[in-house]
Engineer: 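Quick one: the structure is below, and I'll ask about it shortly.
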Amino acid sequence: MAVLVVGGVGAFIGLFLGAAAIKFKVEVDEREEAVLAALPGNNCGGCGFPGCSGLAAAIAKGEAAVNACPVGGEPVGKVIAQIMGVEAGKTTRMTAFVKCQGDCDKVTLDYEYHGIEDCRMLSFVPNGGAKSCNYGCLGFGSCVQVCPFDAIHVVNQVAVVDKDKCKACGKCVAVCPKHLIELIPYDAKYTVACSSADKGPVTMKDCTVGCIGCQLCKKNCPADAVDITDFHAAINYDKCEGCGVCVEKCPRKSIVAH
């Protein structure tokens, strides 16, 4: 009797679960599964969606571009384009860049800091950190901690990006409290390694390689690819021809090869 009862209950539960599975079955787009399989699976969120599954669903619904994955880049974009039966389009590979050269040899210090080594916590200390330049890299590696690709390391108190390892997921950009990190084209020849918006005399006092907005780079650029805003130079990468004149003319060596 006990065997019959247990067997009957088991059979009833099995039939019930089978019927429920059929009734409540969620249809999955085969293309979505194929796209998910093509994605690298890092779940970094650099595409703006909650992980690779979220991006795959968006691509299958036509709500995201087939080349939206910054980690997979152009090769993955082409594979997904074939799955979706569309053109992949041109993809510009991007990489993170830290706009600062103010290491301990080039920047002055207001005091010695001894405390929690987390850049995000230094907003609570005087002047936002010990460095005289309020726009400089704090050097405690909050960006290093969030990088899933081991593409950032702190060298002499300044974060440095290995552009060949960087996948442009944007996590370092989001975590930097000084907003020093930006995504720039991987093929960019030169870039301005400074974020200071202070006037020239202040910057010269604080850092030996800080941009002072002297406009020599702008005046001598043959492609009109340099703009000056708030005493700070910025390169327009769409116009830049990579001639290197700006590097030669910069008296502060604020513009560097990328």
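Treat the numbers as computed from the prediction; the structure is a model and nothing was measured. All residue numbers in this chain count up from 1 along the given sequence.
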Engineer: Would N156 and D105 count as having a side-chain donor-acceptor pair, cut-off 3.5 Å?
Structural biologist: yes
Engineer: Taking the side chain as everything from C-beta on, heavy atoms only, tell me whether C176 gets closer than 4.5 Å to C119.
Structural biologist: no
Engineer: What orientation do H258 and F97 show, parallel under 30°, tilted 30 to 60°, or perpendicular over 60°?
Structural biologist: perpendicular
Engineer: Would you compute the distance between atom SG of C133 and atom CG of N127 and round it to the nearest 0.5 angstrom?
Structural biologist: 11.0 Å
Engineer: Side chain of R31, backbone of A60: donor and acceptor closer than 3.5 Å?
Structural biologist: yes
Engineer: Could you report the tightest heavy-atom contact between S196 and C194, atom names first, then the distance?
Structural biologist: N-SG, 3.4 Å
Engineer: Side chains of I152 and V160: does their closest heavy-atom pair fall under 4.5 Å?
Structural biologist: no
Engineer: If you define the side chain from C-beta out and look only at heavy atoms, does anything of V256 sit under 4.5 Å from Q101?
Structural biologist: yes
Engineer: Taking all atoms of both residues into account, what is the closest heavy-atom pair of G139 and V154, and its distance?
Structural biologist: O-CG1, 3.5 Å
Engineer: With a 4.5 Å cut-off on side-chain heavy atoms, are Q145 and K171 touching?
Structural biologist: no
Engineer: Using the rule given for side chain to side chain contact (heavy atoms under 4.5 Å, CB included), can you reason through Y113 versus L138, listing the C-alpha separation, both sets of side-chain angles and the distance that settles it, and then say yes or no?
Structural biologist: CA-CA 11 Å; Y113 172 77; L138 298 170; over 6 Å; no
Engineer: If you look at every heavy atom in C166 and R93, which pair is closest and at what distance?
Structural biologist: O-NH2, 3.9 Å
Engineer: Mind checking the NZ-SG spacing from K178 to C143? Nearest 0.5 Å is all I need.
Structural biologist: 13.5 Å
Engineer: Just by modelled atom types, is the K99 backbone N or O under 3.5 Å from a matching donor or acceptor in the S195 side chain?
Structural biologist: yes
Engineer: Determine whether D103 and V155 make a side-chain contact, defined as any pair of heavy atoms from C-beta on separated by less than 4.5 Å.
Structural biologist: no
Engineer: Between atom CD1 of I83 and atom CD of E33, what is the distance when rounded to the nearest 0.5 Å?
Structural biologist: 11.5 Å
Engineer: For a side-chain hydrogen bond (donor to acceptor under 3.5 Å, both in side chains) check, start with the C-alpha distance between D118 and S142, then their side-chain angles and the critical distance, and finish with the verdict.
Structural biologist: CA-CA 6 Å; D118 187 326; S142 294; 2.7 Å; yes
Engineer: Taking the six-membered ring for Trp and the full ring for Phe, Tyr or His, determine whether the centres of Y237 and Y190 are under 6.0 Å apart.
Structural biologist: no
Engineer: With clusters defined by side-chain heavy atoms of hydrophobic residues (ILVMFWY) lying less than 4.5 Å apart, directly or transitively, does F149 cluster with V173?
Structural biologist: no
Engineer: For residues T203 and R252, report the shortest heavy-atom separation together with the two atoms involved.
Structural biologist: O-NH2, 4.0 Å
Engineer: Is there a continuous path of hydrophobic side-chain contacts, each under 4.5 Å between heavy atoms, that joins L39 to V66?
Structural biologist: yes
Engineer: Hydrophobic clusters here meaning ILVMFWY residues chained together by side-chain heavy-atom distances under 4.5 Å, can you tell me if Y135 and M121 are in one?
Structural biologist: no
Engineer: Hey, does the side chain of N43 reach the backbone of C52 with a donor-acceptor pair shorter than 3.5 angstrom?
Structural biologist: yes
Engineer: Quick check: are there more than 12 heavy atoms from other residues, nucleotides or ligands sitting under 6.0 Å from CD1 of I116?
Structural biologist: no
Engineer: Walk me through whether I255 and T191 qualify under side chain to side chain contact (heavy atoms under 4.5 Å, CB included).
Structural biologist: CA-CA 6 Å; I255 305 177; T191 188; over 6 Å; no
Engineer: Under the 3.5 angstrom rule, does the side chain of Q157 hit a backbone N or O of C137 as a donor-acceptor pair?
Structural biologist: no
Engineer: Pairs of donor and acceptor atoms involving the side chains of residues 5-17, under 3.5 Å and at least two apart or interchain, shall be tabulated with distances.
Structural biologist:
none

Engineer: Are there more than 12 heavy atoms of other residues, nucleotides or ligands under 6.0 Å from atom NZ of K163?
Structural biologist: yes
Engineer: Under a 4.5 Å side-chain heavy-atom rule over Ile, Leu, Val, Met, Phe, Trp and Tyr, are V76 and M94 clustered together?
Structural biologist: no
Engineer: Report the distance from atom CD1 of I235 to atom CG of D227, rounding to the nearest 0.5 Å.
Structural biologist: 10.0 Å
Engineer: Applying side chain to side chain contact (heavy atoms under 4.5 Å, CB included) to C211 and F231, what does each step give before you reach the verdict?
Structural biologist: CA-CA 8 Å; C211 177; F231 309 102; over 6 Å; no
Engineer: When you compare the side chains of Y186 and D164, does any donor N or O come within less than 3.5 Å of an acceptor on the partner?
Structural biologist: yes
Engineer: Strictly distance-based, threshold 3.5 Å: is any side-chain N or O of S254 a donor or acceptor partner for the main-chain N or O of V192?
Structural biologist: no
Engineer: Mind checking whether I212 and M204 have side chains closer than 4.5 Å, heavy atoms only?
Structural biologist: yes
Engineer: Under a 4.0 Å N-O cut-off, is there an ion pair linking D110 with K131?
Structural biologist: no
Engineer: How close do V175 and V146 get, counting heavy atoms only, and between which atoms?
Structural biologist: CG1-CG2, 3.7 Å
Engineer: Decide whether L183 and V98 are clustered together by the hydrophobic rule: side chain heavy atoms of Ile, Leu, Val, Met, Phe, Trp, Tyr closer than 4.5 Å, transitively.
Structural biologist: yes
Engineer: Backbone N or O of H232 within a donor-acceptor pair of the D230 side chain at under 3.5 Å?
Structural biologist: no
Engineer: Please find the pair of heavy atoms, one from C69 and one from G72, that lie closest to each other, and give the distance.
Structural biologist: SG-N, 3.2 Å
Engineer: Step by step, work out the side chain to side chain contact (heavy atoms under 4.5 Å, CB included) result for C44 and V71.
Structural biologist: CA-CA 9 Å; C44 63; V71 178; 3.6 Å; yes
Engineer: Do M84 and Q82 make a side-chain contact, defined as non-hydrogen atoms from C-beta onward lying under 4.5 Å apart?
Structural biologist: no
Engineer: Assess whether atom NZ of K165 is packed by more than 12 heavy atoms of other residues, nucleotides or ligands within 6.0 Å.
Structural biologist: yes
Engineer: Answer yes or no: is there a side-chain heavy-atom contact under 4.5 Å between N236 and V226?
Structural biologist: no
